[in-house]
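What follows is a single structure, written as structure tokens, with notes after it.
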Amino acid sequence: MNGADRLCDVLLANDVDVCFANPGTSEMHFVAALDRKPRMRCVLGLFEGVVTAAADGYARMADKPAATLLHLGPGLANGLANLHNARRAFTPMINVVGDHASYHLQHDAPLTSDIESLARPMSHWVRRIADAESVGPDTAAAYAAAMSLPGVTTLILPADAAWGEASDKPISRAVVPDPQPVAAEAVRAAADAVRSGRRAALFMSGRALRADALEIAGRIAEATGVRLMAQTSNGRIERGVGRVPVTKVPYPVDQAVEALRDIDVLIVVGAKVPVAFFAYPGKPGRLIRDDCQVVELARMGGDPKTALAWLADELGVKPGAPAPVVRPGTIDEALPTGPLTQDAISLAVARLIPENAIVCDESVTSGRRFFALSQQAAPHDYLQLTGGAIGIGIPMAAGAAVACPDRKVIGLQADGSGMYTIQGLWTQARENLDVVTIVFSNRAYAILQGEMRNVGVNRFGRNAERMLTIDEPALDWVTMARGMGVEAGRATTVEEFVRLLEGALSRRGPFLIEAVL
């Protein structure tokens, strides 16, 4: 048995049975080992940013890591933007980055680089494997770290550690430490803040936004009047009819400040105190008032459901008390006719979401109304861009579909950011993934046009306009998708869009709709 075999066996012993990969020469022994492991599903991405984003989408839905296989430092560097997003989502992931044989590093071959320095900013945990005998324990440690943080771990696998002989002693499942215990003093502080009569909000992210934890938070809100809020960006929210509704902090600074203005006490549950994405002249960086008290009930990586249950008990909220779930009804807003608008797209999708679907949202500016509209939609999971590094949507949808092959995945995709990882459509086609991708084709970097206005520039000259539009030449998403094996259609009116969407949702397999705005 060589080190590469040992690495695969340890992954499989810990139920890591999917590997998203873009390998090179140094990883061929690992590829050969994968070929000897029929339990391991290997998914090829044509660009490393596809690989890392797909692993992120997979883990958000599977609640366990996938492995990635990346080629030396440059291959890792190509995937770093979406590792940043995964790190911000606290997604469990095990990156296997091949490197030159240890004795070859002295020659400074063309692909030699400082992989550790590249990996550390986007990883919670990094380790270089010393030799073949270290492969087993180091892989187990990577899995334990990924699950306990939870977060991104990176293993650097020198070629000689992969091909070297390793022992074949029995493999035990890695021991994952228990979540950080809930602190009694934190629960008491949160309860005191709620009882004080001041205006309080439970500010949540991570697993606090799953349906079971939200149900407890909803009972607390119903009994005490505390407000339920979520971060602007979250890895996964379970929402729709029958679930407790939660409001996200808006992205624009002025709107966020207004939404948080009247909160006296912010009780943080697996989240961070809200801040602006960027600094703007004359606007605050921290979005709550300076005199707003912050109480940390549970940290990310802790146990938010237990923390919320303990808080409910401390407040005397009974387990059987009703929670304010979304009741079945209709989305009252009328669907317009004629030329497509971004709001019409969001409205149509919210109405037509099938039950138990997964929505992967990288619509950026165009789909901002979707989240509010979809509260009355069928029960679904909502995944979104977390770290602000665009180019995650198409491959994140692919990863979610690999994790949940029996569920329809709907991708809401901005056209500019979609071009970063358009290769993900090829992976969707190759794996026959059940994904409907809706491209908001406004042919502009609309978010940057808004940011220009935020810094006081309301009229754009020729140079700025060429930086902020992508209409010369216009992107042809239908041709690009079909060229990669994905069925596709184009809509310019609401009627065409609804007809294409209904057809796409009624069939299985990848389909792309270019919605021209």
Side-chain angles (χ1 to χ4, degrees), residues 1-14 16 19-37 40 42-49 51-52 55 65-80 83 93-146 151-172 174:
M1 173 182 286
N2 64 24
D5 283 304
R6 191 69 175 176
L7 195 155
C8 289
D9 288 343
V10 174
L11 290 175
L12 289 169
N14 289 284
V16 179
C19 180
F20 296 95
N22 187 291
T25 303
S26 299
E27 295 77 50
M28 288 301 98
H29 283 82
F30 189 49
V31 172
L34 290 170
D35 207 31
R36 295 187 286 270
K37 315 294 177 183
M40 184 70 74
C42 303
V43 181
L44 179 64
L46 299 183
F47 173 64
E48 293 87 344
V51 169
T52 53
T68 73
L69 181 59
L70 306 170
H71 183 42
L72 290 93
L76 171 64
N78 280 340
L80 285 179
L83 287 183
M93 187 186 303
I94 302 172
N95 300 305
V96 179
V97 183
D99 197 8
H100 295 297
S102 56
Y103 58 80
H104 193 69
L105 292 173
Q106 62 181 321
H107 302 304
D108 193 27
L111 277 169
T112 303
S113 64
D114 184 351
I115 299 175
E116 285 91 339
S117 292
L118 290 168
R120 283 194 183 98
M122 308 305 181
S123 306
H124 294 90
W125 182 99
V126 179
R127 181 172 296 177
R128 173 178 287 272
I129 298 172
D131 51 38
E133 279 301 310
S134 302
V135 168
D138 286 352
T139 305
Y143 171 81
V152 177
T153 64
T154 298
L155 273 176
I156 302 166
L157 177 67
D160 50 339
W163 73 54
E165 286 297 313
S167 64
D168 59 355
K169 59 186 177 182
I171 297 171
S172 300

Under the side-chain hydrogen bond (donor to acceptor under 3.5 Å, both in side chains) rule, collect the residues that match up with N2, sequence neighbours excluded.
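If we apply the side-chain hydrogen bond (donor to acceptor under 3.5 Å, both in side chains) test to N2, skipping adjacent residues, there are no hits.
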Taking side-chain hydrogen bond (donor to acceptor under 3.5 Å, both in side chains) as the test, write out the residues that go with S102, two or more places apart.
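side-chain hydrogen bond (donor to acceptor under 3.5 Å, both in side chains) check on S102 returns D160.
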Would you please name every residue forming a side-chain contact (heavy atoms from CB on, under 4.5 Å) with [X], sequence neighbours left out?
X    : value
S172 : none
E165 : none
D168 : M1
N78  : F47, E48

Any residue meeting salt bridge (Lys or Arg N to Asp or Glu O under 4.0 Å) with [X], in chain and number order, not counting sequence neighbours:
X    : value
E116 : R128
R36  : D5
R127 : D138

Once salt bridge (Lys or Arg N to Asp or Glu O under 4.0 Å) is applied, what residue pairs with a partner in residues 24-34 remain, sequence neighbours excluded?
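Qualifying pairs, neighbours excluded: none.
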With sequence neighbours excluded, tell me which residues meet ring pair (Phe, Tyr, Trp, His ring centres under 6.0 Å) with W125.
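Expected list: none.
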Ring pair (Phe, Tyr, Trp, His ring centres under 6.0 Å) against H100, all qualifying residues, sequence neighbours excluded
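Partners of H100 by the ring pair (Phe, Tyr, Trp, His ring centres under 6.0 Å) criterion, ordered by chain and then number, come out as H104.
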